[in-house]
Every structure is written in structure tokens, then in C-alpha cells.
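To keep things clear, I will list the structure first and then write my remarks on it.
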Amino acid sequence: MAEKLREQQAIPVSKVQRAAKFISTGAKVGGNYVKHYAKKMVNPSMDKEELHSNNASDIYNSLSELKGSALKVAQMMSMDKNLLPRAYQDKFTMAQYSAPPLSYPLVVKTFQKHFGKTPEGIFESFTRSAINAASIGQVHQATKDGKKLAVKIQYPGVADSVSSDLKLVRPFALRLLNMNERELDHYMAEVEEKLLEETDYVLEIERSREISSECGHIPNLKFPIYYDEYSSDRIITMDWIDGKHLKEWLDTNPTQKSKNQIGQALWDFYHHQVHNLKKVHADPHPGNFIVQEGDQLGIIDFGCVKVIPEDFYEGYFALIKKDLLIKEEELNQIFYNLEFISDKDTPEEQLYFKGIFREMISLLGKPFHVDRFDFADDGFFERIFQLGDRISNDKMFKKSRQARGSRHGLYINRTYFGLYNLLNQLQAEVDTTKPDWL
């Protein structure tokens, strides 16, 4: 895939260069709006489809040259399907697989900085072109001592530009996500913390090993081995996992039994992390999973791990119970603790937001209310999207003076929506195990 993409010779690294890129993109987006309204004067019935499409292309092209956090935010937004017009979802989903890769001299420079050697000086073979290029790094294939390896190299400057990039991405996010400033700041603080962790490859290797060994007993899962001697804080070397990305695998028309087996492995993997380990691989996009021969699921990226605080866990999952037989004052306490409501709210607002979040969490909890759930049920997803649309267009929500929901919920919601989305793509039917107390 990466072969066909034009390679990038340099990445804008300084704050000034990166800001200039954002400003020129902003100007293009502004220009697209001007063109749209000019056309609309001639043809009043014109919808915003073309505008969205042009904006999505302009924003994506700029972000993919900048790499890093900005591109990562686009990728996250594409997973939150109900946040964005379809044109953006389609374009931003590309961020999961195919940012333009870095040219080989830049790769060599990174190796010399971290190991004092070129890739050829370390490995027996090393592909000059990236096999896969994503938002924070790109992957090359190498061999050493008869082993096939994946070598992930972080783009230069990504780690240093997280905070400044997120500030630059704000105006785009405000416009695209239909959020108020307070909500966005709430959202961005958690995103920033996670992105900074994601650029720390030493931490990633540590977490990868930890979660791999803790999940080693789960059937049909495969994890790579990591190699410290060829890794650093900006380079990770691990086993190459052969197989197909979920999308490619689904194109081969697998049987329902195979799809259920992969789906079950995914469910079991997430169940064990959330309920037993209280930390979770919080980036369930299709690019992080590889289907191998014999319907085994390879897990290849632990950059984004959310540690779940105990008190958040207890409150959040208490709401998922099928018959919410919780006393009103206990329920109020949970809503306070999860920051869905606060003392600043009027009684009317409290009532409204409790209702909305109850509805949202009971929808999210549907698969937990039965022993086996069929994720091929598009009606279930339709209801989730409709609720999302209804909320984002609701006056009460728009004029809310504060962000809603604990920041810990951001990645947990994202993890569950992402997992459900993957299971829906697989059209899988799975045994939805739950913790005993649920």
C-alpha cells in the first residue's frame, strides 16, 4: 500500500512551520465555505455534501503531512461515527492506514541518532519503503537471525509537537464537532495525556508485554514478541505478524463460524482487560488487528492504553445493569461522581441530563443484558447514531455551561463503541460474558 503513496522528504517540525500549515489549511477551508455560499446563491437547493468533501480532503491532506497528534485526532473523530458528516469519516478513516510515508534518508537519520548505525548495519534485510504508514509512526519489515520483524519508527518531531498541535487543531475540532469550548478543553486534556504516552515507545513495549502476558490464556489470540536490543524510545522492533487486516480478511468472504470466532476473541480480549486488569487497549480501530491462518487474531499495537480508576469503573458499570434497581439517591450520587450532573445545574437540567445518560448507557449496555448478542443487528447501531444526532442537535445540550461526563469516560466510551463497531463489521454473534457482580 505504502509503495503507491508519494514519499515525504521532510516533516514541518518547528512550531512556526506547523502553525503556517494550519493557517493555510484554515484559509482553504474558509475559501471552500465562500465558494459554497456563492454557489448556493445561484442554486439555493444545494446541500453541503461538496463543501464537506472539499474540506475533508484539504484538512486530511494537511494533517497527513504534519503527522502526529493532529492526524491522530482526525483518526479518533472518524471512529466516533456520529460526530462527523460522512465525507469526513470516509477521508479521516484513511488516517488509520495510509499517511504518506517518510523517505528512506529520514529513516536512516533516526536510526543513526538512536543506535549509531544504519538499518542495514543492524538487520540482515530492511525494506527501504514503509509497508504501513499511520499517524505517529511507520512500519518497515526486516529480518534478523531467520526471524521476520516489524520495525516501527516514530516520525521526527511528533513527540515535541503534541501540545502545540492540539492547540492548532482546536478551531477545526470546534467547527467539525459541534462542541462548546468547555467540552472541547475537557476532551483535549485527556487526548493530550494519551498522545504523550503514545509517543513514549519504552512505555508502549512495557505495556505490550504486560497485557500480552495477562491475556495469553485467551483462546485464538496471538501477540508478537518485542526485542529491546533493537528498540529505543522512538523505535520498536517486534515479530512480524503475518495475516490480513480485518477489512482485507472480510473481503475474502469468511464463513459465519470464522467471523464469530474472531468476534469472540475480540470480546474476550476486551472483557478481560476492562473487568479484570482495569486497563485496556483503548484504540480498537481495524488497523490494529491482523487475522491469521486458522482464524487467529493478532494484536499489534499497544500505544494507547487507558488505566481505569476503580471508582469510575464501579459507577460506570453499575449503570449498565439491566434493571436499574438503584435507589434514586444512589443513582444521583453515581451521576455526580461521573460528572454527568453538577451543582451548577438547574433541577430541569439535572432531570434532562440524567435521562439522556441513562438512555445512552442502557443502549451501550444492551449486549450485556443477554447471554449472546448478534452484532449484525444494524438496528442497534442505527439507534446509537440516532441518539448521537439527537443529542448533538439538542438545544439543552448546546447551551450547557459545562462539559458532561468524567474525562475517564472518553476513552472507555470510545473503546466500547470501537469494539461494537468492529463486531458489527464482522457481523459476528458472540457470547457476551460479564463480570459476576453484573
Side-chain angles (χ1 to χ4, degrees), residues 207 209-223 259-284 289 297 299 302 304-340 354 357-377 380 383-384 405-424 426 428-438:
R207 284 176 162 172
R209 284 200 174 118
E210 196 182 331
I211 295 180
S212 304
S213 73
E214 300 264 19
C215 294
H217 65 285
I218 297 171
N220 305 315
L221 286 183
K222 290 281 173 280
F223 300 97
K259 292 193 288 192
N260 289 353
Q261 180 164 312
I262 293 292
Q264 193 64 55
L266 265 174
W267 180 274
D268 295 344
F269 175 54
Y270 277 95
H271 170 90
H272 185 61
Q273 292 175 92
V274 170
H275 299 293
N276 301 331
L277 308 181
K278 304 282 194 297
K279 55 168 135 338
V280 63
H281 174 290
D283 198 5
F289 303 99
L297 185 66
I299 316 270
F302 282 95
C304 181
V305 170
K306 173 68 186 163
V307 177
I308 309 169
E310 191 63 52
D311 54 344
F312 173 82
Y313 172 85
E314 282 170 11
Y316 184 91
F317 285 97
L319 294 175
I320 275 180
K321 285 180 180 159
K322 184 171 184 182
D323 307 304
L324 250 185
L325 299 173
I326 305 177
K327 293 193 183 74
E328 196 59 32
E329 55 269 29
E330 266 182 70
L331 193 58
N332 280 343
Q333 197 48 57
I334 292 175
F335 277 126
Y336 267 107
N337 295 349
L338 293 176
E339 298 172 46
F340 287 145
K354 278 195 307 201
F357 287 112
R358 242 176 158 152
E359 194 178 345
M360 197 162 90
I361 289 173
S362 84
L363 247 183
L364 207 60
K366 277 263 184 297
F368 289 92
H369 303 158
V370 287
D371 293 332
R372 200 168 163 78
F373 191 83
D374 186 359
F375 284 92
D377 173 8
F380 171 63
R383 288 197 296 281
I384 291 177
S406 158
R407 70 193 193 106
H408 300 299
L410 175 68
Y411 278 89
I412 301 304
N413 288 337
R414 178 181 173 218
T415 297
Y416 272 101
F417 278 123
L419 171 63
Y420 289 3
N421 213 337
L422 289 174
L423 292 167
N424 177 243
L426 284 164
E429 197 179 331
V430 300
D431 292 327
T432 47
T433 46
K434 19 227 158 288
D436 297 337
W437 64 270
L438 196 64

How about Phe417 and Pro284: do any of their side-chain heavy atoms sit closer than 4.5 Å? no
Nearest 0.5 Å please: distance from the CG atom of Leu423 over to the CG atom of Asp377. 13.0 Å
Note: Leu363 and Phe380 closest approach over all heavy atoms is O-CE1, 3.2 Å
Please report the shortest heavy-atom distance between His272 and Cys215, naming the atom on each side. CD2-SG, 3.8 Å
So, do Leu422 and Leu266 sit near enough that their side-chain heavy atoms are less than 4.5 Å apart? yes
Would you name the heavy atoms of Lys259 and Leu426 that are closest together and state the gap between them? CD-O, 3.0 Å
Under 3.5 Å, is there a donor-acceptor pair between the side chain of Asn413 and the main chain of Gly409? yes
Sequence-distant partners of Phe335, ring pair (Phe, Tyr, Trp, His ring centres under 6.0 Å), two or more places apart: Phe340
Side-chain donor or acceptor of Arg372 paired with backbone N/O of Thr432 under 3.5 Å: no
Kindly say whether Leu364 contributes a backbone atom to a donor-acceptor pair with the side chain of Tyr420 at under 3.5 angstrom? yes
With side chains defined as the heavy atoms from C-beta onward, is the minimum distance between Val305 and Val280 less than 4.5 Å? no
Between atom CG of Leu419 and atom OH of Tyr270, what is the distance when rounded to the nearest 0.5 Å? 6.5 Å
Is there a donor-acceptor contact under 3.5 Å linking the side chains of Gln264 and Asn260? no
Taking side chain as C-beta onward, heavy atoms only, is Ser213 less than 4.5 Å from Phe223? no
Could you measure the distance from the CG atom of Asp436 to the NE2 atom of His275? Nearest 0.5 Å is fine. 11.0 Å
Please examine the side chains of Asn337 and Phe312, heavy atoms only from C-beta on, and report whether any two atoms are closer than 4.5 Å. no
Taking atom types as modelled and ignoring hydrogens, do the side chains of Lys306 and His408 form a donor-acceptor contact shorter than 3.5 angstrom? yes
Taking Asp431 for its side chain and Thr433 for its backbone only, find out whether a donor-acceptor pair lies under 3.5 Å. no
Please report the interatomic distance CD1(Ile334) to OH(Tyr316), rounded to the nearest 0.5 Å. 13.0 Å
Measuring from Lys354:NZ to Tyr336:OH, what's the distance to the nearest 0.5 Å? 8.0 Å
Can you give me the closest heavy-atom contact between Leu331 and Arg358, atom names plus distance? CD2-NH2, 3.1 Å
For Glu359, salt bridge (Lys or Arg N to Asp or Glu O under 4.0 Å) partners two or more places apart: Arg390
Leu319 vs Leu338 side-chain heavy atoms within contact, under 4.5 Å: yes
Pairwise side-chain contact, Val274 with Phe269, heavy-atom cut-off 4.5 Å (strictly under): no
Parallel, tilted or perpendicular, judged at 30° and 60°: which one describes the rings of Tyr416 and Phe317? perpendicular
Kindly compute the distance separating CG (Leu221) from CG (Asp268), expressed to the nearest 0.5 Å. 7.5 Å
Any idea which heavy atoms bring His369 and Ile320 closest together, and the distance? NE2-O, 2.8 Å
Would the distance check show the side chain of Tyr411 and the main-chain N or O of Ile308 forming a donor-acceptor pair, the cut-off being under 3.5 Å? no
Heavy-atom closest pair (His271 atom, Pro435 atom, distance to 0.1 Å) is CE1-N, 3.7 Å
Could you go through Ile262 and Leu297, starting from their C-alpha distance and side-chain angles, then the distance that decides it, and tell me whether this counts as side-chain contact (heavy atoms from CB on, under 4.5 Å)? CA-CA 6 Å; Ile262 293 292; Leu297 185 66; 4.1 Å; yes
Salt bridge or not between Glu210 and Lys279? Use side-chain N to carboxylate O under 4.0 Å. yes
Between Gln273 and His281, is there a donor-acceptor pair closer than 3.5 Å when you use the side chain of the first and the backbone of the second? yes
Aromatic Phe373 / basic Lys366 pairing, under 6.0 angstrom, 45° off normal: no
